[in-house]
Structures are given as structure tokens and as C-alpha cells.
Amino acid sequence: MSSPVDQLTGTGAEFRPAGALTDLNQALAAYNGPWNLKLAAHLLRRAGFGGSPADVGSVAAAGMSTSVERLIHFGPDSLPTQPDGDISYDFSPTADPKQRQRAFLATQMWFANRCLQTPDPLRERMVYFWSNHFTSGLGQDGITPQQTVNQYNLFNRYALGNYGELTHEISKDGAMLLYLNNAQNRRQHPNENYARELMELFTMGVGNYAEEDVRESARAFTGWTVIRKQGDAVTFLPQLHDDGSKTFLGHTGNFMGDDIVDIIMQQPATARFMVHKFARAFIYDNPEPELVDALAERYRASNYDTAKLMGVILRSNIFYSDRAYRALMKSPLELVIGAHKTLGATQIEPAALAAVARMGQVVMQPPNVAGWPGGALWLNTGTLFARVNYLNQLALSKGGPAAAAPAGGDMMMAMVNNPAAAMRMGANIGDPTQWMAGVSATDPTAVTDRVLWMSVQADATPQQRQTILSYLSTDASGAMAPLSMENLDEKVRGAMSLAFALPTYQLA
């Protein structure tokens, strides 16, 4: 079953998997069926950005319950909370344009590498989720790289925290204040942008409030501003706040923004709206209304404890069902990070950011306040070609000399000063002999099986498998040619490229 695209919010083009939800209680009960490498990889794709073969093996060995516990209970954050290099951003006409570019690139690389390198994949997966829910854009509406970093660190702190508390905090976030004009919201001239999107896209959804609620809510949020000359300090100025009585969703009082958020969290529509987003992001598109209602009841009963909600989802029968398995389209960022994990890379190369953009997603820059719509809208003829072309380049990449890949701020300077050279820097993926560890390098059947397990956990048709086997067994003219140590590197890389091109690899 599919739903049409909503041109206002960007949602839609959702395709519910075939089959029916026959027993809701059973669907949300904890899965206790067979546990294997396929389901372990499925968990890592959904609760992170995929995993290396070693990651998948570790999760398979630990079992479902233990693995979900490890995903939900983060360890201390050991990764940098700030980009490496100078991310200052000068708005003056005399500013150095190359410094602006370096600041943007450093910020984007910082987040992409956190997604790749994190030992707590669900943490960064949730940062990604929240950044596409409470949207703002790097460089848009005067948002500096540092303000974007601050916002992503906020999402990090509340990754699996309380949704209501996060909504309070995002309402006072510098990037959000600028993005939706709440920094210009004054008693004399209320600005309704944030008040409207708070209800329409961030909490309740269309149809659950009236225009008068928007106007009254805007009055309650007056007085907040961002002071550039004080390091972009977020400040509340009482003299700019409307301290008169407001009536909002049937409640009357001398409300401030926090009061508005509290009232919103009391509305049943809020839990339903949010849970639909969670179900669509982690289970499948166009989730059944009864599934949404059941999850919403749990979310609201927990007072919006996101860790508890995700615990239910990631342990549930519906999550591990055939209907949910590979039922979601990978976003470009998920695709690229996952491929790096598969091939054993330890950092993102500059060309990856450009590739993600060609696939239709500029890192840290959602297209509008509704965020990336996702789903089937990720794919068209152009973006599919960009996906396959980049994955082919990645599989064939042999890295580059150390001198071509300076670290941190030096890398950003090199990228800006010589972008063509930066785009030629190869990825630091593993060596094909490492991928084939324990496999007879001269046995094309064994190599085919290993390549398909690494890439798609053997989710390939007999014909697709035969295509890779034939490639490994023949030379460029099609004549039979044995695998050997002389051609192993080239052949394994080519086979991996063919596996990455499978339709299955596009699915999470």
C-alpha cells in the first residue's frame, strides 16, 4: 500500500510492505526466534549505519537482547565534539572566502567521521534522525558552523533522552532561533514561523491546532535572540517578551515558550505524530495506524522516553519480520557510511561528501524545514547512477600517499586550495586480501560467497551470484581464467563493485 507525496511536508511516496499486521500484541512482543548474521546485519543497518563483517559477527554472537542493550546504553563519548581546524565564520564583506569553505568542510567531515568511527552507532543514528526532524541548515539564514556543531552536540546529549526536554532545548538553540526567525520574534511584531513549524512539523502535525493557536504561541516565544557581538550568545530579553495573557489549545495563562511546549506534550496527537516518524525511520514506510497508536500509547506513557521506545522497536517481532527486512531505502549518507564500514575504512575521504551531494543529500543541509523526505524519493535515474558510480570508485580505491592526505585543519586547507587533488584522494579502505581472510584466494566460488556475505549477507538471486562468479572465473575477453595472487586484488575489487551495484544493497 502506498501513499501520495505531500508537497508541503515532503512526506509520502511511502510503500508499506506486502502482507498484513494480523496480531498487534505479537508484533510488538520481543523477538525470540532464530538469531543469525542476516538479522545482526539488519539491526546494525537500522540502528546505525551498517557494520563491518567483524561488527556483524560480534552482534550475531552476542544475541538480539544483549546487542540491543549495548546499542541503547551508550558508553562515554570518546570522539571529538568539535571539528578539527578553524571553523570560525566571518560575515564581513572582507572575509576570506576560502576560510568559509574550510569551516564548512571541516564541520561536514566532522559529522561524517563521527558516523563512521563511533563505537555507539545508535547514538549517531539518532543525531542524524533528530537533525532531520528539528531541521536547520549549515550556512543557511546566518547559521555558522559552530552553531551547527552546537546543535548536533545537543542532539547527541538527547539522542535517546526525553523528547519533551529536547523540544524545550531546541526552542532555545541558536541555530534554530535563526533558521525559523524566532531570534526576531518581538512583542511589537510577533514572528509566527517557529510557532507554526513547532506544531506542524516538530510535534503534532497538521489538523491538530488552529491559526489562533499559532498566533498565541508566537507571542509566548517572544524575547529570545542571538547576539552576534557576544559570540552568538543565546539570550532572553524580558523587555522584548509579550507578557500578556494567551490562550493556547484551550489553556489560558501568561505563557512563555516552555509553557507552550508543556501543553503540546499533553496532546495525544503529539505522541502519534512522533511515533509515525520513528516507525517510518526504523521499521517500514506507511506504518499501519494501529501500529502507530500502540507505539504512541507506550511513548506517551513513558513521558516520551526515547530509549524505552527504541527498546520496544529494536526488540520487536515486527522489526525482525520479513515485511520489515530490507524494506527501507538507504539515504545517501547511510549508503556511503555503510560501504566504508563494509570495506574496513577508518575515515571518510573528501570525495565522499561530494558523492553524497550528487546522490541528492548535502550533509548537514536539509533542503527545507520538512527535512529530507526519504523513501523512494531518494532514487531516480540520476541519483542511482551517482550511487553505483561512487560505490564502484570506492571498491577500486587504493588510497593515496600519506602526503596527499594531511589531517584535520590541514586537510581542509588542502581541499579548498586544491579541490581537484582532494577529490582524487582515495579512501583508506582495507586491502582485498584482508576481506578474503580465511578464504581460498584461488577458489572463485569461495570468493563469490565471501563478497556477497560482506556486501548483502548473501541476499542475492542465483543469477546475480552467477554474474559475480563468472566475472571472477574469466578474463576481459570472456575466456576462462583462474584466480591467482597476481589478479586477486583487481578481481576482488571488481566483484565487490558488482555486489554494491545490486538493488539489494540500496535497501536498509
Side-chain angles (χ1 to χ4, degrees), residues 33-45 49-62 320 322 325-326 330 335-345 384 387-399 426-508:
W35 187 246
N36 53 40
L37 287 165
K38 286 178 179 283
L39 293 183
H42 168 74
L43 175 60
L44 288 176
R45 286 194 301 271
F49 294 86
S52 68
D55 294 332
V56 173
S58 177
V59 169
Y320 296 104
D322 291 342
Y325 186 78
R326 294 201 187 274
K330 291 177 183 173
L335 182 84
V336 168
I337 298 297
H340 279 72
K341 284 179 174 286
T342 296
L343 300 183
L384 179 59
R387 285 173 175 237
V388 173
N389 186 51
Y390 174 73
L391 291 174
N392 175 66
Q393 294 175 8
L394 183 67
L396 300 181
S397 175
K398 296 185 179 181
N428 70 328
I429 62 175
D431 186 277
T433 57
Q434 297 172 341
W435 308 345
M436 296 298 113
V439 170
S440 173
T442 59
D443 183 349
T445 298
V447 173
T448 297
D449 289 341
R450 172 61 63 84
V451 165
L452 286 173
W453 266 108
M454 284 182 63
S455 55
V456 294
Q457 290 72 55
D459 291 334
T461 66
Q463 182 178 358
Q464 291 166 344
R465 183 180 182 280
Q466 184 59 47
T467 296
I468 294 176
L469 179 59
S470 296
Y471 166 79
L472 290 168
S473 305
T474 58
D475 60 19
S477 64
M480 296 298 293
L483 273 176
S484 66
M485 294 309 296
E486 286 72 27
N487 65 11
L488 181 66
D489 184 275
E490 173 192 355
K491 282 293 189 177
V492 172
R493 291 176 186 274
M496 189 63 72
S497 177
L498 290 172
F500 279 159
L502 294 176
T504 306
Y505 195 76
Q506 308 302 316
L507 302 175

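Everything numeric here is computed off the predicted structure, so don't read it as measured data.
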I need the [X] [atom1] to [Y] [atom2] distance, nearest 0.5 Å.
X: Y390; Y: L335; atom1: OH; atom2: CG; answer: 9.0 Å
X: D443; Y: T448; atom1: CG; atom2: OG1; answer: 8.5 Å
X: L44; Y: K341; atom1: CG; atom2: NZ; answer: 8.0 Å
X: R493; Y: N392; atom1: CZ; atom2: CG; answer: 11.5 Å
X: I468; Y: D449; atom1: CD1; atom2: CG; answer: 10.0 Å
X: N389; Y: L384; atom1: CG; atom2: CG; answer: 11.0 Å

Heavy-atom side-chain proximity of [X] to [Y] below 4.5 angstrom:
X: Y325; Y: R45; result: yes
X: V439; Y: W453; result: no
X: M436; Y: V451; result: yes
X: H42; Y: Q457; result: no

Of all the heavy-atom pairs spanning [X] and [Y], show the shortest one and how long it is.
X: R465; Y: T445; result: NH2-CG2, 3.4 Å
X: L472; Y: A495; result: CD2-CB, 3.9 Å
X: G57; Y: L37; result: CA-CD2, 3.9 Å
X: S397; Y: I429; result: O-CD1, 3.5 Å
X: T474; Y: S470; result: OG1-O, 2.8 Å
X: Y471; Y: K491; result: O-NZ, 2.6 Å

**Report entry** Test side chain to side chain contact (heavy atoms under 4.5 Å, CB included) applied to W35 and V59, step by step
**Finding:** CA-CA 10 Å; W35 187 246; V59 169; 3.9 Å; yes

Query raised in the report: So, Q434 side chain and D431 main chain: donor-acceptor pair closer than 3.5 Å or not?
Result: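 Side chain of Q434 to backbone of D431, a donor-acceptor pair under 3.5 Å: yes, one is there.
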
Requested in this report: Verify whether one side chain among T461 and Q463 offers a donor that lies under 3.5 Å from an acceptor in the other.
Outcome: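 There is no such pair (donor and acceptor under 3.5 Å, judged by atom type) between the side chains of T461 and Q463.
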
Query - Modelled atom types, side-chain donor and acceptor of D55 and S58, under 3.5 Å - result: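 Short answer, no.
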
Requested in this report: Show your working on side chain to side chain contact (heavy atoms under 4.5 Å, CB included) between V492 and R450 and close with a plain yes or no.
Outcome: CA-CA 10 Å; V492 172; R450 172 61 63 84; over 6 Å; no

Distance-only donor-acceptor pairs under 3.5 Å for side chains of residues 501-508, two or more places apart:
unit_1: T504; atom_1: OG1; unit_2: D459; atom_2: O; d: 3.1
unit_1: Y505; atom_1: OH; unit_2: A339; atom_2: N; d: 3.3
unit_1: Q506; atom_1: OE1; unit_2: R387; atom_2: NH1; d: 2.8

